[in-house]
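First the structure, in the form of structure tokens, and then the observations on it.
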Number of protein chains: 2
Amino acid sequence: MESESNLSIKEVATRSGLSVHTLRYYERIGLIAPVARASGGQRRYRGADLEWIGFLLRLRATGMSISGMQEFARLRSAGDGTAGARRIMLEGHLARLLGEIEALQQAAGVLQAKIAHYRQIEHSLAPDQPIEGKQHATRTLRQRTRQA
Amino acid sequence: MESESNLSIKEVATRSGLSVHTLRYYERIGLIAPVARASGGQRRYRGADLEWIGFLLRLRATGMSISGMQEFARLRSAGDGTAGARRIMLEGHLARLLGEIEALQQAAGVLQAKIAHYRQIEHSLAPDQPIEGKQHATRTLRQRTRQA
DNA sequence: GCTTGACTTCGAGCGCGCTCGAACTCTTAA
DNA sequence: TTAAGAGTTCGAGCGCGCTCGAAGTCAAGC
């Protein structure tokens, strides 16, 4: 009974990575407009809902607060007349984001230097090991946890 | 009575951007090793403390959790023998960070596209405005891609 | 009809990372 | 000597963003 534009909350949870709890929570607080319902009252998400959720996730991943997203969603629901206000919001958000990306890149450099420093210490503590000996291939890139 | 290597908690708060509350909290939970005290029991931070706090702030800014930083601080206090373990921690953290930077850059691109899209809408709602020197370029893209 | 299971609403609870307030001590200046 | 002000400890509280549990509804299969 599920088509591409008629998705159960569970299916949307799977696709979006949000929990069903969080999907209902987002709707409750106005991040997602009231979703269409099947006869029995169950939610049926449309393609447009999925797209919007995807965009919300971008906003969230880039550090926008819930209240910021609420404001954005409110403007969106008010129609095209708020395009300017939304653009201004996004411009501010983008500026913040670009600044943060730079800060993170700088921090990455610091981490790299620190890692190199630790290699030095390790080498000086075990001086019989070759320093960059290409055998036993470096343990870089160990894991990569989750989250954006 | 304050020299460069003998700083009050207030001074350190000012320099680091952390609150005095947070500085004491960090010490309490083991992120900062017990700080030297003046005769009356007041904290006196050394240059090395400041450097460490700066590094902690990098870790925090790049998304390391308190418990992660606690683990790192614990290794650090155990001496050079833990250099390898610390390096491995940082390598994992760095890999995560690089992944996040990429995700953020992608998101920034999405935001930029969205901003451009809003400009289009704004222009189509006020068609008598010239668009960047050219005469008003019709109502492009009105219904396509609605908002999401 | 009855069971199963996926859904519903609603409010309470939780983990994280601070943040604050109370009560006290110590140093310094008047 | 006194008063102000900066520091101390400790535990409680808070804001954010979920997360969960209880109790109920609904549709489908046996």
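Proteins get letters first, then strands, A, B, ... in listed order; numbering begins at 1 in each. What you see below is based on every heavy atom in this structure, not just the backbone, and it leaves out hydrogens, waters and symmetry mates.
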For B:W52, does the six-membered ring have the charged nitrogen or CZ of B:R76 within the cation-pi criterion, i.e. under 6.0 angstrom from the centroid and within 45° of the normal?
yes
The side chain of B:R43 lies closest to which of these nucleotides: C:dT8, D:dT8, C:dT19?
D:dT8
Grouping I, L, V, M, F, W and Y whenever their side-chain heavy atoms are under 4.5 Å apart, do B:L57 and B:M69 come out in a common cluster?
yes
In whole angstroms, how far is the P atom of D:dT9 from the OH atom of B:Y26?
18 Å
Take atom OH of B:Y25 and atom C1' of C:dT19, then tell me their distance rounded to the nearest Å.
10 Å
On DNA chain C, does the nearest nucleotide to B:S39 precede the nearest nucleotide to B:I66 from the 5' side, or the other way round? Give the residue.
B:I66
Distance in angstrom units between B:E11 CD and D:dG7 P, rounded
10 Å
Roughly, in whole Å, what's the span from CD1 in A:I29 to P in D:dG17?
8 Å
Separation of C:dG17 P from B:L57 CG (nearest whole Å)
14 Å
Would you say A:Y118 ends up clustered with A:L125 if hydrophobic residues are merged whenever their side chains have heavy atoms under 4.5 Å apart, either directly or through other cluster members?
yes
Considering only C:dC18, D:dG7, C:dC10, which nucleotide approaches the side chain of A:R28 most closely?
C:dC10
Any link between A:I29 and A:F72 through a network of hydrophobic side chains (Ile, Leu, Val, Met, Phe, Trp, Tyr) touching at under 4.5 Å?
yes
Just N and O in the side chain of B:R60: are any of them under 4.0 Å from OP1 or OP2 of C:dC18?
yes
Given atom OH of A:Y45 and atom P of C:dC7, what is their separation to the nearest angstrom?
10 Å
Comparing nearest nucleotides in DNA chain D, the 5'-proximal residue of the pair A:S19, A:G41 is A:S19
Gap between atom CD of A:E71 and atom CD1 of A:I66 - 0.5 Å precision:
14.0 Å
From the set D:dG7, D:dC18, D:dT9, return the single nucleotide nearest to any side-chain atom of B:I9.
D:dG7
Taking atom C1' of C:dC16 as reference, at what distance in whole Å does atom CE of B:M64 sit?
16 Å
Looking at the side chain of B:S8, which of D:dG7, D:dC20, D:dC18 is the nearest nucleotide?
D:dG7
Among D:dG17, C:dT19, D:dG7, which nucleotide has an atom closest to any side-chain atom of B:T22?
C:dT19
Selection from D:dT8, D:dC20, D:dG17 that lies nearest to any side-chain heavy atom of A:S65:
D:dG17
Once you round it to whole Å, what is the distance between P of C:dC24 and CD of B:Q42?
19 Å
